[in-house]
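Computed from heavy atoms alone, side chains included, the values below leave out hydrogens, waters and symmetry copies.
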Amino acid sequence: MACGNSALAESKKINDEALIAEANMLIGYAHEANGRYKEALNCFLIASDLSKKNKVKPKLAQCYTAMGVIYWYQGFFDKAEEYYKKNIEICLELNDMNGLGASYGNLAILHDENKEIDKALVYYKKALAIFENAKRPAQTAACLDNMSLIFKQKDDFSQARSYNLRSYKIRESLHDSIGMLASMGNLGSIFIAQKDPDQAIPLSLKVLSIASRLGAKEDMKSAYYNLKDAYELKQDYKSANAIINKLMDLKDSLRNLDNASEIAELEAKFKNKEKEVELAEVKLTQELKEAENAEKLKRKNYSILILSIVGVFILLLAILLLKRFKEKKQVAEEFSEKNKAIEIQKKIIDTAYHELSEKNKDITDSIKYAKRIQEAIFPSQAYFSKLLPQAFAYFRPKDIVSGDFYWVDEGLDGSVLVAVVDCTGHGVPGAFMSIVGFNLLNKAIHENKCTDPADILNQVNIDLNETLKQTLEESAVKDGMEISLCKWDPRINKLEFAGANTIVYHISGTQINIVKGNKHPIGSFYGEALKKFQTIDIHINPGDCVYLFSDGFADQFGGEKGKKYKYKQLEEFLLANSAKSIQEQEHLLNAEFERWKGPLEQVDDVCVIGIRF
């Protein structure tokens with residue numbers, strides 16, 4: 001702004017109209033960036049008047065584009081389209097491809113806001129081809145960013161994020177802070193469209209902080225909209241309502257009736273000035289043709305012209321003042337009604353929020369009590385360490401209670417039995433199934449006297465089917481569990497394994513052996529025959545490690561790209577750390593899970609048992 005004012009003062013001193021027009025354009029852009037649209041339009045009108053007078057068509061085309069953008073910001077879409085098309089006419093006449101690309105991009109934005117996204121995409125592609133061919137990185141970045149929002153509306157989020165990333169990288173290479181801010185704001189809106197408020201909120205808060213520091217009010221408005229939508233997705237209506245109030249304050253400062261009316265006044269003055277010039281040209285022609293009566297005709301026409309302009313101006317001013325008064329009155333009434341409605345809705349939301357908080361507390365207290373019951377039933381750490389002194393159990397429920405559990409017991413023949421069990425579901429449903437599974441394992445050992453791992457799983461399968469008593473109608477979802485069960489006889493150092501849709505890892509030295517159980521779980525649909533399980537012998541050498549686990553660790557999303565951890569990565573991690581002590585392995589396993597998960601939500605219960613023989 002300071003540079004523009006200095007340039008304007010110097011150009012006026014030397015009376016250079018081309019430089020005066022250029023200085024007004026610089027000042028206008030500064031006003032536009034700070035949301036002072038009336039002042040910006042006034043500067044662009046002065047520049048366009050001087051450019052038309054001096055027949056500087058490239059600068060006139062630039063003025064038309066700038067004026068179109070101001071009208072677009074204020075919601076006058078028809079006026080914006082009119083000035084964009086004026087720019088296109090001049091660009092085609094001058095073969096100005098860069099200006100043509102900018103106008104194609106601006107028309108695409110108008111179609112986008114009118115929900116004509118296919119037309120918008122056509123214009124964006126035309127603009128992008130021109131900018132890339134001309135090697136205009138700033139314009140290319142803006143076009144890519146706008147196209148990402150088109151793909152967002154089409155629910156093509158992969159393309160939306162790809163185009164957004166390309167835009168951000170170009171703007172970052174140009175050190176374009178405002179452009180980078182716009183790309184970040186658009187990425188926040190893409191996260192919201194993907195129903196991912198947890199990524200949208202921190203990003204939008206960052207955009208808001210930077211935009212506030214830079215005074216970029218349009219970017220502040222965009223960030224407020226994203227925050228409002230994100231809090232509503234999280235059903236945090238209190239935070240959403242606070243954002244709405246801030247957004248209304250900002251919108252009042254950016255776009256109000258006074259500002260819109262003053263812009264309309266400027267447009268009317270500009271049109272009247274154009275009409276005055278045209279009439280003056282006609283008048284001059286008549287004077288040249290009628291030299292004898294020139295002086296008399298000139299005075300007469302001048303008087304008529306002045307009276308006409310004054311009359312039209314007074315009439316327009318009266319109409320505008322009356323319209324402005326009525327609009328202000330209507331808006332005041334509408335705001336009053338809306339405020340009343342918002343207060344009523346706020347009271348309803350506050351009441352509902354209080355009721356939900358109370359119910360949530362009751363439910364949470366009940367689940368916490370259920371956790372104590374579940375912990376009391378499962379084996380204690382002392383009993384686990386007594387039977388397996390060189391072993392760890394890494395157990396991390398997704399919710400308060402768990403559908404995964406580990407089980408250890410002493411067999412009738414002096415052996416040690418250990419299992420990792422993954423029941424259907426997690427949370428409360430999984431916890432119910434875990435208690436059923438724990439009791440059925442104990443029953444198979446102590447009541448049915450089973451000793452072989454396959455016999456134990458077969459017995460649990462039979463008992464579970466009878467316990468659940470599934471009917472044809474109730475078995476649309478299969479209730480059951482996946483079990484890794486090992487039997488270790490320390491007297492002869494023999495290890496046996498049976499698996500229900502599970503595997504175990506056996507690491508000996510630098511080699512890892514994947515031991516696969518049967519490919520069916522415990523449990524069946526109504527009328528389905530129960531499938532048998534087989535026992536597998538595993539040859540154990542001193543110092544070997546065996547790992548039993550549920551699928552929660554491998555299925556966890558995380559890392560730089562938010563993908564699953566997967567079993568292959570788990571194999572490599574366990575193999576790389578198998579030589580370390582059992583206690584250190586457990587510590588490293590927890591650190592690896594935290595590193596991979598990062599800020600993302602845990603997706604399932606996690607249970608891993610490691611045993612050194």
Side-chain angles (χ1 to χ4, degrees), residues 374-375 377-396 402-423 434-435 437-446 448-460 481-508 513-518 522 533-540 542-553 574 578 582-583 585-586 589 605-613:
Q374 191 179 39
E375 289 174 344
I377 293 173
F378 293 162
S380 67
Q381 183 61 45
Y383 187 60
F384 180 86
S385 299
K386 175 187 173 184
L387 296 181
L388 296 168
Q390 284 295 311
F392 70 80
Y394 177 63
F395 181 56
R396 181 173 176 139
S402 173
D404 285 11
F405 70 92
Y406 62 94
W407 172 86
V408 63
D409 205 348
E410 189 171 4
L412 299 176
D413 54 1
S415 62
V416 177
L417 295 162
V418 60
V420 169
V421 185
D422 184 353
C423 299
S434 70
I435 294 172
F438 190 87
N439 289 331
L440 292 181
L441 284 168
N442 286 334
K443 180 181 176 183
I445 300 299
H446 299 293
N448 299 105
K449 310 300 181 184
C450 297
T451 58
D452 182 76
D455 291 341
I456 295 171
L457 294 188
N458 289 330
Q459 187 61 48
V460 170
M481 57 193 74
E482 297 174 345
I483 302 179
S484 292
L485 174 64
C486 285
K487 174 185 176 182
W488 177 50
D489 191 336
R491 295 168 301 177
I492 58 176
N493 199 29
K494 180 181 179 182
L495 183 68
E496 297 175 324
F497 163 71
N501 207 31
T502 61
I503 59 175
V504 296
Y505 294 151
H506 168 217
I507 297 178
S508 182
N513 179 30
I514 302 172
V515 186
K516 299 180 179 180
N518 294 99
I522 299 290
F533 297 93
Q534 285 80 40
T535 296
I536 301 170
D537 292 335
I538 303 176
H539 179 70
I540 296 295
D544 285 1
C545 290
V546 171
Y547 300 92
L548 299 77
F549 44 84
S550 65
D551 58 6
F553 201 110
L574 293 174
S578 61
I582 283 295
Q583 292 75 20
Q585 286 187 47
E586 182 179 9
L589 194 67
D605 302 318
V606 175
C607 184
V608 181
I609 287 181
I611 309 168
R612 171 164 282 141
F613 295 92

For the pair [X] (side chain) and [Y] (backbone), establish whether a donor and an acceptor sit closer than 3.5 Å, ignoring hydrogens and angles.
X	Y	value
T535	A454	yes
D605	G403	yes
R612	S578	yes

Mind checking whether [X] and [Y] have side chains closer than 4.5 Å, heavy atoms only?
X	Y	result
V460	K443	no
I456	T451	no
I609	V418	yes
F549	Y394	no
L495	F613	yes
L441	D409	no
D537	F497	no
V608	L548	no

What are the two closest heavy atoms between [X] and [Y], and how far apart are they?
X	Y	result
G610	I582	O-CD1, 4.1 Å
V408	L387	CG2-CD1, 3.7 Å
I445	L417	CD1-CD1, 3.3 Å
F405	F395	CA-CE1, 4.2 Å
E496	D452	OE1-OD1, 4.3 Å
L485	A419	CD1-CB, 3.8 Å

Begin from the C-alpha positions of L388 and V416 and carry the test side-chain contact (heavy atoms from CB on, under 4.5 Å) through to its verdict. CA-CA 8 Å; L388 296 168; V416 177; 3.9 Å; yes
Sorted by chain and number, sequence neighbours left out, side-chain hydrogen bond (donor to acceptor under 3.5 Å, both in side chains) with N448 holds for none
Side-chain donor-acceptor pair present, [X], [Y], cut-off under 3.5 Å:
X	Y	answer
E410	Y383	no
D489	S415	no
D544	H539	no

Nearest 0.5 Å please: distance from the [atom1] atom of [X] over to the [atom2] atom of [Y].
X	Y	atom1	atom2	result
N493	I540	CG	CD1	7.0 Å
N501	I522	CG	CD1	10.0 Å
Y406	F378	OH	CZ	9.0 Å
I503	H506	CD1	NE2	14.5 Å
L457	L440	CG	CG	11.5 Å
M481	S550	CE	OG	13.5 Å

Dump the intermediate steps for salt bridge (Lys or Arg N to Asp or Glu O under 4.0 Å) on K487 and D413, then the final yes or no. CA-CA 11 Å; K487 174 185 176 182; D413 54 1; 2.8 Å; yes
Dump the intermediate steps for side-chain contact (heavy atoms from CB on, under 4.5 Å) on Q585 and Y547, then the final yes or no. CA-CA 11 Å; Q585 286 187 47; Y547 300 92; 2.5 Å; yes
Apply side-chain contact (heavy atoms from CB on, under 4.5 Å) to residues V504 and I538 and explain how you reach the verdict. CA-CA 10 Å; V504 296; I538 303 176; 4.3 Å; yes
F533: partners by ring pair (Phe, Tyr, Trp, His ring centres under 6.0 Å), with sequence neighbours left out: H520
